[in-house]
Amino acid sequence: MKIERTEIEGYEEVVTCEDPESGLRSIIAIHDRTLGPALGGLRMWPYGSWDDAKFDVLRLSKGMTYKSAVADTGLGGGKSVIIGNPKTEKTEALFRAMGKFVDSLGGRYITAEDVGTAVSDMVFVREETKYVTGLPLDMGSSGDPSPYTALGTFVGIRACLGEYFGSEDFEGRTVALQGCGHVGMFLADYLHEVGAKLFVADISPDKAKAIADKTGAEIVDPNEIMFLDVDVFAPCALGAIVNDETLDKFHCKIIAGGANNVLLREEHGQRLKETGILYAPDYVINAGGIINVSIEVEGAYDAERSRKKVENIYHAMKRVFEIAKDQNIPT
């Protein structure tokens with residue numbers, strides 16, 4: 001196993017690992033530990049290059065610093081990525097090697113599941129390190145954080161409706177949901193239950209169909225979902241989708257979803273404000289997962305305490321809108 005450190009301005013630690021025996025190619029980025037150890041999920045994705053993987057992990061780890069700070073988790077910001085196809089390249093050896101890599105940082109970084117990884121993968125990571133959260137409930141852990149991310153996103157969207165329309169009623173509101181993975185699936189359930197009209201898309205047709213069959217959602221081409229004329233666009237897939245090429249194509253009133261790093265650059269938040277689109281900062285609205293695992297890190301896991309703290313995302317969003325208006329700045 002070959003581990004190398006890279007100095008990157010603004011980051012405490014960026015570490016790369018290659019392990020030919022298991023096939024592991026991974027990066028861990030620790031952005032900031034001012035408030036506590038860096039906690040952030042492990043993403044597995046078929047990045048085209050090391051540079052692509054580094055671009056993603058740096059943005060994600062920085063976002064985790066903000067997310068944990070706003071959510072008052074007592075944690076810092078970090079993230080890790082594995083270069084690989086999560087559908088075809090997962091093995092026990094791969095995740096055990098990842099566990100050894102995480103352990104080499106001595107607790108400065110704590111991992112959990114993320115896009116492309118699952119609770120079952122974290123069990124293999126746990127074989128090699130104690131610095132992992134989101135393990136199965138029968139192991140005394142908090143399980144899949146996705147339902148909590150979805151819950152926080154849902155109450156955050158409710159706050160957005162109240163801010164934009166003056167009413168928090170979902171009945172008849174239209175929502176375009178991009179990404180039908182774990183978070184998208186649970187969020188669709190919440191939205192359906194309160195009467196929202198759903199449009200869904202995913203690069204996996206089976207995932208979109210599963211949600212459509214359950215909720216009556218209309219399936220849309222993944223290339224079109226972002227630009228529908230709807231009340232809410234809810235991104236729950238990958239980030240950087242609000243950029244120079246897409247900004248002028250949006251027809252929604254609100255952008256609020258579970259994805260990380262929705263804005264390619266900070267200036268795109270200002271441009272959304274200028275177009276009249278209300279943007280829910282991703283690191284505020286999607287903090288439910290990190291809040292949930294932070295309860296686990298504190299000690300004995302308490303699901304009810306976690307749920308109540310996640311529901312406070314509603315009030316955090318209200319506070320964001322208040323500050324933005326008072327100071328005339330983007331959310």
Side-chain angles (χ1 to χ4, degrees), residues 8-14 27-43 54-81 108-112 114-115 133 145 148-153 155-157 159-160 183 234-236 238-243 255-273 278-295 297 309-310 312-324 326-327 329-331:
I8 296 181
E9 186 177 357
Y11 290 79
E12 288 189 17
E13 203 166 356
V14 180
I27 306 173
I28 295 175
I30 296 174
H31 177 253
D32 191 289
R33 290 182 299 132
T34 301
L35 300 179
L39 194 153
L42 166 60
R43 176 168 296 193
K54 185 183 293 184
F55 175 80
D56 204 26
V57 77
L58 292 179
R59 285 165 49 81
L60 290 166
S61 63
K62 187 175 182 180
M64 290 305 300
T65 297
Y66 297 155
K67 188 182 300 189
S68 282
V70 173
D72 192 25
T73 64
L75 295 165
K79 205 79 173 185
S80 59
V81 297
R108 298 190 295 280
Y109 167 70
I110 303 169
T111 197
D114 197 77
V115 173
T133 60
Y148 293 91
T149 302
L151 173 61
T153 303
V155 299
I157 292 175
C160 290
V183 174
C236 293
L238 299 182
I241 56 172
V242 177
N243 53 57
I255 296 179
N260 288 310
N261 300 110
V262 172
L263 308 179
L264 177 60
R265 296 192 301 275
E266 197 169 311
E267 69 193 59
H268 294 128
Q270 173 64 36
R271 291 175 61 185
L272 282 178
K273 178 179 183 292
L278 180 64
Y279 173 62
D282 44 53
Y283 58 84
V284 180
I285 195 171
N286 71 13
I290 193 69
I291 291 170
N292 185 55
V293 295
S294 75
I295 300 296
V297 172
K309 192 168 183 181
V310 170
N312 281 333
I313 287 174
Y314 170 89
H315 301 290
M317 287 304 313
K318 289 287 191 182
R319 180 63 179 141
V320 166
F321 298 145
E322 181 182 313
I323 294 169
D326 286 349
Q327 300 186 26
I329 57 175
T331 51

>> Run the side chain to side chain contact (heavy atoms under 4.5 Å, CB included) test on Tyr148 and Val293 for me, step by step, so that the C-alpha distance in whole Å, both residues' side-chain angles and the decisive distance to 0.1 Å come before the verdict.
In response: CA-CA 10 Å; Tyr148 293 91; Val293 295; over 6 Å; no

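- Checked against Leu263 for a side chain to side chain contact (heavy atoms under 4.5 Å, CB included), the options Asn243, Ile241, Leu272, Ile255 give a single hit: Leu272.
- The CG atom of Leu75 sits 12.5 Å away from the OG1 atom of Thr34 when rounded to the nearest 0.5 Å.
- Under the side-chain hydrogen bond (donor to acceptor under 3.5 Å, both in side chains) criterion, Thr133 pairs with no residue at all, not counting sequence neighbours.
- Atom-to-atom distance recorded for Ile27:CD1 and Asp56:CG is 9.5 Å, nearest 0.5 angstrom.
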> Do Val115 and Asn260 pass the side chain to side chain contact (heavy atoms under 4.5 Å, CB included) test, and can you show the C-alpha distance, the side-chain angles, and the key distance before you say yes or no?
Replying inline: CA-CA 10 Å; Val115 173; Asn260 288 310; over 6 Å; no

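- In this structure, CG in Leu42 is found 14.0 Å from CD1 in Ile110, a value given to the nearest 0.5 Å.
- Remark: Arg59 pairs with no residue by the salt bridge (charged side-chain N to carboxylate O under 4.0 Å, His left out) rule, at least two apart or across chains.
- Using cut-offs of 30° and 60° for the angle between ring planes, the Tyr66 and Tyr283 rings count as tilted.
- In plain terms, the two heavy atoms of Pro281 and Thr331 that are nearest each other are CG-O, 3.4 Å.
- Residue Ala280 comes nearest to Ala256 through the heavy atom pair CB-CB, 3.7 Å, listed as atom of the first residue, atom of the second, then distance.
- Side-chain contact between Asp72 and Asn312 is absent, with no heavy-atom pair separated by less than 4.5 Å.
- Atom CG of Leu39 and atom NZ of Lys79 lie 9.0 Å apart (nearest 0.5 Å).
- Minimum heavy-atom separation, Asn292 to Pro145: ND2-CA, 4.1 Å.
- Contact between Val284 and Met317 at its shortest, heavy atoms only, is CG1-SD, 3.6 Å.
- Across all their heavy atoms, Ala71 and Ala287 have their closest contact at CB-CB, 4.2 Å.
- Checked against salt bridge (charged side-chain N to carboxylate O under 4.0 Å, His left out), Lys318 has the following partners two or more places apart in sequence or in another chain: Glu168.
- Checked by atom type and distance alone, the side chain of Lys309 never pairs as donor or acceptor with a backbone atom of Thr73 at under 3.5 Å.
- Taking a 6.0 Å sphere around NZ of Lys62, one finds it holds 12 or fewer heavy atoms contributed by other residues, nucleotides or ligands.
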>> Evaluate Val242 against Tyr279 for side chain to side chain contact (heavy atoms under 4.5 Å, CB included), listing each step before the verdict.
In response: CA-CA 11 Å; Val242 177; Tyr279 173 62; 5.7 Å; no

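- Surrounding NZ of Lys273 are more than 12 heavy atoms belonging to other residues, nucleotides or ligands, all under 6.0 Å away.
- Applying the salt bridge (charged side-chain N to carboxylate O under 4.0 Å, His left out) test to Glu12 and every residue at least two apart in sequence or in another chain returns Arg33.
- Side-chain atoms of Ser68 do not come within 3.5 Å of backbone N or O of Thr65 as any donor-acceptor pair.
- Between Val70 and Arg319 there is no side-chain heavy-atom pair separated by less than 4.5 Å.
- Here CD1 of Ile8 is found 11.0 Å from NE2 of His31. Values are rounded to the nearest 0.5 Å.
- Within the 4.5 Å cutoff, no side-chain heavy atoms of Val81 are placed close to those of Asp114.
- For Asp282, there are no salt bridge (charged side-chain N to carboxylate O under 4.0 Å, His left out) partners two or more places apart in sequence or in a different chain.
- Between Asn286 and Gly257, the shortest heavy-atom contact is CB-O, 4.1 Å.
- Residues passing the side-chain hydrogen bond (donor to acceptor under 3.5 Å, both in side chains) test with Thr111 are Tyr109, sequence neighbours excluded.
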